[in-house]
Amino acid sequence: MSRGLLIVDVQNDFTEGGALAVTSGDDVARGVTRYLAEHAGEYAAVVASRDWHDGANDNGGHFAADEPDFVDTWPVHCVAGTEGASYDPLFDTSAVTHHVKKGQGVSAYSAFEGTTETGSTLSALLTDLGVDELDVVGLATDHCVRASALDAIRDRRTVRVLSDLVAGVAPEPSAAALAEIRAAGGTISASGAA
Ligand SMILES: [Zn+2]
């Protein structure tokens, strides 16, 4: 049995000053960096995902530049290759072993919808590495962290969300997301690094 860490979407557009900023996104970026400094060696894989949308289309209705509803449609964010799509510089990625990109032309909340730089799905990567326990951190609790954690549980991994290393768009949906993950069989616990 081995454990992996999934760091979801700690990107400039989701942290303070970004197109779709999450309050305390910078704190999460700093906390993840502190956590990795102490714990990266405990993981068989440290995977970081990025939302990585097309700039030339609305990505299957995911972008609504005029009137996004912030539920199913969003302001333009994380366009591939832009500053907004880059990892937040407060997040030290030196311990990341695998990078996953998702959302090319589609609305993809879960990192399990993405692929690694060699074209592998996240599920196949974790299986290849023997990772059956997955810790999940990052942004945003009520959207991409939620979808990624639930997919990891469906993918038969033992999932733990590190509650002090996530932040959400809105408080109530974020609390509901953690409750949903717990009800699905996941664990919510603090890392102590934030
Ligand atoms: Zn997106």
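Numbering of ligands and ligand atoms starts at 1, following listing order.
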Please verify the inter-ring angle class for Tyr87 with His99; under 30° counts as parallel, over 60° as perpendicular, anything in between as tilted.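 The rings of Tyr87 and His99 sit tilted, inter-plane angle from 30° to 60°.
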Under a plain distance cut-off of 3.5 Å, with no hydrogens placed, do Asp151 and Ser110 share a side-chain donor-acceptor pair? yes
Answer yes or no: is there an ion pair linking Lys101 with Asp51, defined by an N-O contact shorter than 4.0 Å? no
Phe14 and Val169: CA distance, side-chain angles, deciding distance, side-chain contact (heavy atoms from CB on, under 4.5 Å) verdict: CA-CA 9 Å; Phe14 296 136; Val169 174; over 6 Å; no
Decide side-chain contact (heavy atoms from CB on, under 4.5 Å) for Thr15 and Phe91; before the verdict, give the C-alpha distance in whole Å, the side-chain angles of both, and the deciding distance to 0.1 Å. CA-CA 11 Å; Thr15 56; Phe91 166 31; over 6 Å; no
Run the ring-ring contact (aromatic ring centres under 6.0 Å, His included) test against His39 and tell me which residues pass, sequence neighbours left out.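 Listed in chain order: Tyr35.
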So, at under 2.8 Å, which protein N, O or S atoms would a careful student list around the Zn ion (ligand 1)?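 N, O, S partners closer than 2.8 Å: Asp51 OD2, His53 NE2, His62 NE2, His77 NE2.
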